[in-house]
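Heads up: the structure comes next, in structure tokens.
Naming convention: chains lettered A, B, ... in sequence-line order (proteins, then strands); numbering from 1 in each chain.
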2 protein chains.
Amino acid sequence: MNTNLYQLINCCIIEDDEVIRNGYVSLLSADEDFFVSGDYASAEAALEQLDRIRPDVILLDIQLPGMRGVDALPAIRKILPGVHIIMLTVHESDDLVFTALKNGASGYLTKNTSFNKIKEHIRDVIRGGGAMSTEIALQVMKYFQKNQHSPLTKRETEILECVAEGKSRSKIAQELFIDQETVKSHIKNIYHKLDVNSRAEALSVARKSRFI
Amino acid sequence: MNTNLYQLINCCIIEDDEVIRNGYVSLLSADEDFFVSGDYASAEAALEQLDRIRPDVILLDIQLPGMRGVDALPAIRKILPGVHIIMLTVHESDDLVFTALKNGASGYLTKNTSFNKIKEHIRDVIRGGGAMSTEIALQVMKYFQKNQHSPLTKRETEILECVAEGKSRSKIAQELFIDQETVKSHIKNIYHKLDVNSRAEALSVARKSRFI
DNA sequence: ATCATTTACCCCCTTTAGGGGGATTTTACA
DNA sequence: TGTAAAATCCCCCTAAAGGGGGTAAATGAT
């Protein structure tokens, strides 16, 4: 019997694949630092029990039948505001990654992550850090990177960035020491290149393609 | 003499602190997987030699005298487009983190990262992954997280998100099954709450505060 | 040296958005 | 069940943005 029960990391696993779920349970249970307080095949089943088992860390599969993992996130947060939630996924290049991050996940790991690393990442989040497998980190970094193949010229990009800050034609003209009509001209050209017809739309398209 | 020279990871270190720089050099050189082809106290000094030493990975300090690390990034990329650049920093909560990510860093590590982990991260980027220490990962995740204390109501947030996608009043009205005037009303309220007076400005402010 | 691109500027006109006032009805919650 | 907040809709008017057309100087690459 472990005499340091208070130090154990209380884990909970939500994962629909029975084999994987049991794998995590037995491997975590085998480690003297971890204690598995619950394992569930669906978010719904877990949500009923969470206030009772009060885990420190939840391993949450992104692809669940019924309520999706990303949607379960806010629901779990409502019950246990302080819990660390680590998302598990097979698809690293999914929009769900960013949705999950927005919804407040503490970490994001691909399922091919070795179990030793998973344990390490759990300890990381307990210490207050963030957990991210290398595949996800790469995704995130790609997300930040500007697209090198922008159809916009330097000046156009410059002006679109002013637009992104909410500046009016006159303000942009003033800042760049050019005429308002010139600004208008540039914006028109930007619209043609991006095939849009409003500022917000141009920003939306340009952001999606990382031109700005 | 190592007979697997071709397998060695060719590293280069750009770091102004002599002690830290030499620490990295000796520790990396001591590992049979790594080969240190150069170490420099400034970006300028390194840039002169890069095309000759052709490293696989560059450890680049963010805070350098003269040319800053983040500014050196694009310059290095120009000389060696394929090189993996790992940024090193003491301040994890710096805007420079995001600037570096935008400029195409392959990784971002805080200097308190253990040397073993640094070596692991170098191997990660060589494999095509991304490297991020837990502190940086946390920063990045915070960056993504929506602000829970938004002054905007659900409906207002919903409408602002439509605005962010470049939709016009009429389109938003159509999508939400409400009148154009209602949309206008909501947008007016949003403007008052955010203290702005245009769509792009509202988006700019709302994004900065993570309301959307 | 030349051709394409970029940057800059001008006019007329239409559409959309924004500022100011309202009012009414849900909805949430104490 | 009463009240506040949120959501809905209406009007008048002005300011800003967008669509169409155009010209011309600077820049850059071949």
May I have the distance from E156(A) (atom CD) to dT7(C) (atom C1'), rounded to whole angstrom?
9 Å
Could you check I172(A) against H186(A) for side-chain contact (heavy atoms from CB on, under 4.5 Å), going step by step and ending with a plain yes or no?
CA-CA 11 Å; I172(A) 297 171; H186(A) 283 300; over 6 Å; no
Separation of dA5(D) P from L152(B) CG (nearest whole Å)
16 Å
Between the protein and nucleotides 21-24 of chain C, list the N/O to N/O atom pairs that are separated by less than 3.5 angstrom.
| residue | atom | partner | partner atom | Å |
| --- | --- | --- | --- | --- |
| dG21(C) | O6 | K188(B) | NZ | 3.3 |

Does a side-chain N or O from S168(B) land closer than 4.0 Å to OP1 or OP2 of dT16(C), or not?
no
Could you tell me how far apart I178(A) (CD1) and dC10(C) (P) are, to the nearest whole angstrom?
12 Å
To the nearest Å, give me how far apart CG (L194(A)) and P (dG18(D)) are.
13 Å
H186(B) side chain near dT8(D) phosphate (N/O to OP1/OP2, under 4.0 Å)
yes
What is the distance, rounded to the nearest whole Å, between atom CG of D179(A) and atom C1' of dA25(D)?
15 Å
Among the nucleotides dT7(C), dA8(C), dA7(D), which one has an atom lying closest to any side-chain atom of N189(A)?
dT7(C)
Tell me, yes or no, whether the heavy-atom count around D195(B) atom CG, taken from other residues, nucleotides or ligands under 6.0 Å, exceeds 12.
no
Rounded to the nearest angstrom, tell me the gap between atom CD in E181(A) and atom C1' in dA8(C).
11 Å
Look at all strands and tell whether T153(B) reaches a base, only sugar-phosphate, or nothing, counting heavy atoms closer than 4.0 Å.
sugar-phosphate
Nearest-Å distance, CD (Q180(B)) to P (dG18(C))?
13 Å
Under 4.0 Å between any heavy atoms, over every strand shown, what does S170(A) touch: base, sugar-phosphate, or nothing? Just pick one.
nothing
Would E156(A) and K193(A) count as a side-chain contact (heavy atoms from CB on, under 4.5 Å) if you check the C-alpha gap in whole Å, the side-chain angles of each, and the deciding distance to 0.1 Å?
CA-CA 10 Å; E156(A) 285 164 353; K193(A) 286 184 181 179; 2.8 Å; yes
Reckon R199(A) has a side-chain N or O less than 4.0 Å from the OP1 or OP2 of dT16(C)?
no
Within 6.0 angstrom of N112(A) CG, more than 12 heavy atoms from elsewhere
yes
Rounded to the nearest 0.5 Å, what separation is found between the CG atom of L203(B) and the CD atom of E165(B)?
10.5 Å
Look at the side-chain N and O atoms of Y191(B) and state whether any lies under 4.0 Å from the OP1 or OP2 oxygen of dG19(C).
no
Assess the pair Y143(A) and F144(B): is the distance between their ring centroids shorter than 6.0 Å?
yes
Test your reading of the model: is there a side-chain donor-acceptor pair from D56(A) to the backbone of N10(A), 3.5 Å cut-off?
yes
Touch check for R169(A), heavy atoms < 4.0 angstrom, all strands: base, sugar-phosphate only, or nothing?
base
I want to verify a distance call: between dG19(D), dT7(C), dG18(C), whose nearest atom is closest to the R155(A) side chain?
dT7(C)
Distance check needed: dA16(D) P versus N197(B) CG, whole Å only.
9 Å
Could you pick out which residue, I159(B) or K184(B), lies toward the 5' side of DNA chain D when each is mapped onto its nearest nucleotide?
I159(B)
side-chain contact (heavy atoms from CB on, under 4.5 Å) with L59(B): of I14(B), I85(B), L109(B), L28(B), only one passes, and it is L28(B)
